[in-house]
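Since the structure comes first, as structure tokens, the remarks are kept for the end.
Each chain gets a letter, A, B and so on, in the order its sequence line appears, and its residues count up from 1. The model shown is predicted, which means the values in this text are computed figures rather than measured ones.
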There are 2 protein chains.
Amino acid sequence: MSSTDSDPGSARPGGRTARNTAAVMRATLDELGEQGYQRISVDRIASRSGVHKATVYRRWGGVEGLLAQALDWASGWHWEPVRTGSLYTDLISLNEEVAAGFAVAPERRISYATIAAAFDSDTAAEALRAYMADRHRRSSVLVAEAVARGEAPEGSDIEEVVRASVAPIYHRLLVCREPVTERHIHQAARITADAAAAGAFLIEDHPDHNPL
Amino acid sequence: MSSTDSDPGSARPGGRTARNTAAVMRATLDELGEQGYQRISVDRIASRSGVHKATVYRRWGGVEGLLAQALDWASGWHWEPVRTGSLYTDLISLNEEVAAGFAVAPERRISYATIAAAFDSDTAAEALRAYMADRHRRSSVLVAEAVARGEAPEGSDIEEVVRASVAPIYHRLLVCREPVTERHIHQAARITADAAAAGAFLIEDHPDHNPL
DNA sequence: CTCATACCGCGACTCTAGTTGCATTTACCC
DNA sequence: GGGTAAATGCAACTAGAGTCGCGGTATGAG
């Protein structure tokens, strides 16, 4: 659950605590955009936000906690995928948005930081999981509409289609550490759209095997 | 280039320096397997290896440098993909190996650490890039053989087929932060093998677009 | 208006990472 | 076997992260 300014679950919504939260979140994202994840420090965020260092540590536990809450915070922002008329072009648009998020500062630094923080703490990892799940759920509307148009069979795992499309982009950026080009974006979208049309994402009846 | 015990490029191969290198590398991988990347420290590696802390900092610069060299070191180890008779099953085997590398300790910790270190330093990122490029190059033999058997058309980008197959596994583990099941492993292999058969990985004549 | 409580600011403290100057050892070359 | 330059060991040092106790302040309730 998120705890923003107007969080009714908070004991004292709208008070100094809430103002501090907003100031620290803003400072965190600003510092992240300017310095990146490696050079970020709680000291700088504290002095920039005007909130004392000890308070930041008490409430968020450290940089990973700040990142986790910032991700949670960002989940509340409005976002909707772009409609282009076909599943193939919709997926291209989606892939391009992902690639752009890792291309230019300051957004680039924030994107990398959220992934990196997940390696440092379980809290941040869970925040990333929730953020990505939300993102993929929203994106899957595109696939649902494609199914309605007859571009893919009923019973397809629509979120899995989204993941299949963006996976090669993330893989290339974070694992291969090689540049992403338009060719990769189009190829991933093409393969995924074709596979979806062929029914490769149909949900099978038999239950999942055990995770490794 | 790697500098192992018998590195002829080193000024003094076989000497104390080389012994220290081996001891530190061993200690690094051991500590990593036991403690994980977050809890690792140069102090512990130094005392465990019997090499002084200052020496480690002078030669490797810190934990990221140690990881980078360890990856470089591991690239020299022999590895060959498993042949199963068809591209589809070969890719399943490949995907399973990736998933297993992130499943059980201590290998699990080392796998995560190499990815995480790439976020912390450019040196480690470059080492990861080289390691992955090597790994994908070796794996692509499977695809080349599949092409020779007629399972995919001539002119296919064989390394890209490997990347497409494993990408969903990494994506799920590192970005989605959700468990990988046999279903995901089979689905990724199936979609990739089918796409390869359909010529989706044929190298186009026109040059690549610019990277984003 | 007053009070109780939770939150916060403050500064000093500890602990660990990482650095530096110097003496010593090692390994290669002759 | 002796010389030399690089590499290492050593210890003290700096810097920054993270913690703690205490006193002060804001907030909501009565």
- Query: Does Asn20(B) place a side-chain N or O at less than 4.0 Å from the phosphate oxygens OP1/OP2 of dA7(D)?
  - Reply: no
Looking only at side-chain N and O atoms, does Ser41(B) come under 4.0 Å of OP1 or OP2 in dT16(C)? no
Leu66(A) CG to dG18(D) C1', in whole Å, measures 13 Å
Here the side chain to side chain donor-acceptor pair (under 3.5 Å) pairs for residues 23-35 of chain A, sequence neighbours left out, are Glu31(A)-Arg44(A), Glu31(A)-Arg48(A), Glu34(A)-Arg48(A)
| Less than 6.0 Å separating the ring centroids of Phe119(B) and Phe119(A)? | yes
As a check of understanding: the bend across the helix from dC1(C)-dG30(D) to dC30(C)-dG1(D), end axes from five pairs, rounded to 10 degrees, works out to 30°
Trp60(A) CH2 to dA17(D) P, in whole Å, measures 17 Å
Is it true that Ser49(A) and Asn20(A) share a donor-acceptor pair across their side chains at a distance under 3.5 Å? no
So, with a heavy-atom separation below 4.0 Å from DNA chain D, the residues of residues 45-57 of chain A are Lys53(A), Ala54(A), Tyr57(A)
For Phe102(A), the ring-ring contact (aromatic ring centres under 6.0 Å, His included) test, sequence neighbours excluded, returns Tyr112(A), Tyr170(A)
For Arg83(B) and Leu142(B), indicate whether the former's side chain and the latter's backbone hold a donor-acceptor pair under 3.5 Å. no
Whole-Å distance, Asp43(B) CG to dA17(D) P, equals 18 Å
Sorted by chain and number, sequence neighbours left out, ring-ring contact (aromatic ring centres under 6.0 Å, His included) with Phe201(B) holds for none
Margin query: Any side-chain to backbone donor/acceptor pair from Ser93(A) onto Thr89(A)? Under 3.5 Å, distance only.
Written below: no
### Query
Do the side chain of Arg58(B) and the base of dG9(D) come within less than 3.5 angstrom through a donor-acceptor pair of N or O atoms?
yes
ring-ring contact (aromatic ring centres under 6.0 Å, His included) filter on His186(B), not counting sequence neighbours, yields none
Per atom distances to the Arg19(A) side chain, the nearest of dT27(D), dG18(D), dA17(C) is dT27(D)
In whole angstroms, the gap separating C1' of dA17(C) from CD of Glu31(B) amounts to 16 Å
Here the distance between atom C1' of dG16(D) and atom CD of Gln38(A), to the nearest Å, is 17 Å
ask   = With the threshold set at 4.0 Å, does a side-chain nitrogen-carboxylate oxygen contact exist between Glu126(B) and Arg177(A)?
value = no
